[in-house]
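None of the values given here were measured: they were computed from a predicted structure. Lettering follows sequence order; numbering is per chain, from 1. What you see below is based on every heavy atom in this structure, not just the backbone, and it leaves out hydrogens, waters and symmetry mates.
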Number of protein chains: 2
Amino acid sequence: MPSNRQVNINTESVDNYLKAILALGGPEEQSVSSTALAQRLGVAPASVTNMLQKLASARSPFVEYEKHRGVRLSPEGKRRALEVLRHHRLIETFLYEILDFPIEEVHDEAERLEHFILERFEERIAAKLGHPKIDPHGHCIPALDGRMSKQDSAPLIDVEKDGEFVVDSISDRDAKLLKTLKAHSITPGAHLRVTKSPHELVLRAGKGSKPLHLALSAAGAVRIRSTN
Amino acid sequence: MPSNRQVNINTESVDNYLKAILALGGPEEQSVSSTALAQRLGVAPASVTNMLQKLASARSPFVEYEKHRGVRLSPEGKRRALEVLRHHRLIETFLYEILDFPIEEVHDEAERLEHFILERFEERIAAKLGHPKIDPHGHCIPALDGRMSKQDSAPLIDVEKDGEFVVDSISDRDAKLLKTLKAHSITPGAHLRVTKSPHELVLRAGKGSKPLHLALSAAGAVRIRSTN
DNA sequence: CTAATCATTTAGGCTAGCCTAAAATAGTGA
DNA sequence: TCACTATTTTAGGCTAGCCTAAATGATTAG
Ligand SMILES: [Mn+2]
Ligand SMILES: [Mn+2]
Ligand SMILES: [Mn+2]
Ligand SMILES: [Mn+2]
């Protein structure tokens, strides 16, 4: 009857569970279902249950978990998740700015490295980059203390009527889309004219760039804000 | 009776076994004992035997191994070991040159990262650094094809009589020694006056730096070459 | 209110990589 | 050559993190 399980809580896998809970919980930190986690992490639901039980029953638990009711990060879990997110986005910025990686390749490389760097490395690249607040996808980089400015933006898919916007951020998880958008000069900070039609959005960045027909299914990956 | 074992041969642990065999086998690629490997890797001898059996019985084996007679790298194993060594030394150079790490800290960080970078990352930092041939400890960086120039140097401990030499390289594995040597301006490429006494060596670098009394036990970590 | 469906957990298994203890082999020197 | 010692291997176990299949719990439609 191993009740007070002694769990090794510093693994790549644990990091990834915490990051996934942070991402799926959204800004309101809603509770996240096993199935959603299983899908995001590419593992079986049973594996998720197993891990959640471990994370919840550790000595200082990373999550609050109740059977059948989903899971939330504990304060400690949130701290760790934000730390890994900071690693991730700093590494992405670094790969993009210093090592000249193409934007669509930085995510996968960061996804591995984020788990294996020490504070010193983080501190050195942050310094080298001038303590950036935004990564190359337009996402906010959490500060050392875990604070992160709320983003004042909306998914492109929620646009109600045609208009002009500024590109806020683009999801880092779809390399192909990132490449396409880049080819149309649709990058964070760019001005964007949006025209809605039943099944797609038509996007135009600068004068020189061709209009892009974007399926609605892809429009969740782009966030916009107003042109002040 | 699982004879043709299907082994996953791309793990950090496997990398570390191969690197250790490369290092312990020396330039003559002598066969390496289980005990020596166990000691170097900080695992039990039984664990080594187990891993060697796996590495030797894979479909394209990384080692040639005979019970009780030690182990050598196969051509494939040597290729991989040199690849990881290249990663390691490129990362060290990069941490030192680009991120301004202190010399005595680069090794530990590289020791982890070397297993988790892709070709692209290797290629980018090599380019950024101008395809260096020598790392900050003075060690040769294997080329992409695995070739590595022989080092024309000798361990300081083999010095027979007093004289002047050039510091060739310093072992990366002893951070404390690296720091001490640095404080006495004893770094790769520096000129060095060596005076032998029964139990120690006295080392003097430039005029400004204080003489360093080095125990013989530490003198294996430094390699020297003649002043042309 | 009940039955079908869907989500989640439990149970049982697997591999990698480590461990310890016991057994076997090799090497050495009397 | 034979016994003693040191090295190495075998045998058996453990944890982390996955898996599948079966069982259970929650939800919803009739
Ligand atoms: Mn990313
Ligand atoms: Mn990750
Ligand atoms: Mn090193
Ligand atoms: Mn290593």
query: Quick one: B/L52 CG to C/dG17 P, roughly how many Å, whole number?
result: 13 Å
query: Can you tell me how far C1' of D/dT9 sits from CD of B/Q53, to the nearest Å?
result: 7 Å
task: Taking ring-ring contact (aromatic ring centres under 6.0 Å, His included) as the test, write out the residues that go with A/F62, two or more places apart.
output: none
Which residue lies more 5' along DNA chain D, comparing A/K67 with B/E66 via nearest heavy atoms: B/E66
task: Could you check A/H68 against A/S13 and say which one's nearest nucleotide on DNA chain D is further toward the 5' end?
output: A/S13
query: Rounded to the Å, how far apart are B/M51 CE and C/dT15 P?
result: 16 Å
- prompt: Does A/Y17 put a side-chain nitrogen or oxygen below 4.0 Å from OP1 or OP2 of D/dC18?
  reply: yes
message: Does B/S34 reach a base, just sugar-phosphate, or nothing at all? Heavy atoms under 4.0 Å.
response: sugar-phosphate
query: Expressed in angstrom and rounded to an integer, what is the separation of A/N16 atom CG from D/dA16 atom C1'?
result: 14 Å
field: Residues that B/H68 engages under side chain to side chain contact (heavy atoms under 4.5 Å, CB included), provided they are two or more places apart
entry: none
Set of residues satisfying ring-ring contact (aromatic ring centres under 6.0 Å, His included) with respect to A/F116, sequence neighbours excluded: B/F116
task: Could you check whether A/T49 gets within reach of a base, just the sugar-phosphate, or nothing at all, counting any heavy atom under 4.0 Å?
output: base
statement: Atom CZ of A/R69 and atom P of D/dA26 are separated, to the nearest Å, by 8 Å
message: If you take any heavy atom closer than 4.0 Å to DNA chain D, which residues from residues 36-48 of chain B end up in contact?
response: B/P45, B/A46
Electrostatic pair B/K182-B/E104, nearest N-O below 4.0 angstrom: yes
All side chain to side chain contact (heavy atoms under 4.5 Å, CB included) counterparts of B/E28, not counting sequence neighbours: B/Q30
field: Length of the NZ-C1' vector between A/K54 and C/dT10, whole Å
entry: 16 Å
query: C/dG17, D/dA16, D/dG25: which one has an atom nearest the side-chain heavy atoms of B/T11?
result: C/dG17
query: side chain to side chain donor-acceptor pair (under 3.5 Å) with B/R147: which residues, sequence neighbours excluded?
result: B/D145
- request: Give the rounded distance in Å between these two atoms: CD of B/E12 and C1' of D/dA16.
  value: 15 Å
task: Could you check how far CG of B/N50 sits from C1' of C/dA21, rounded to whole Å?
output: 15 Å
Salt-bridge criterion met for A/R86 and A/E114 (N-O under 4.0 Å): no
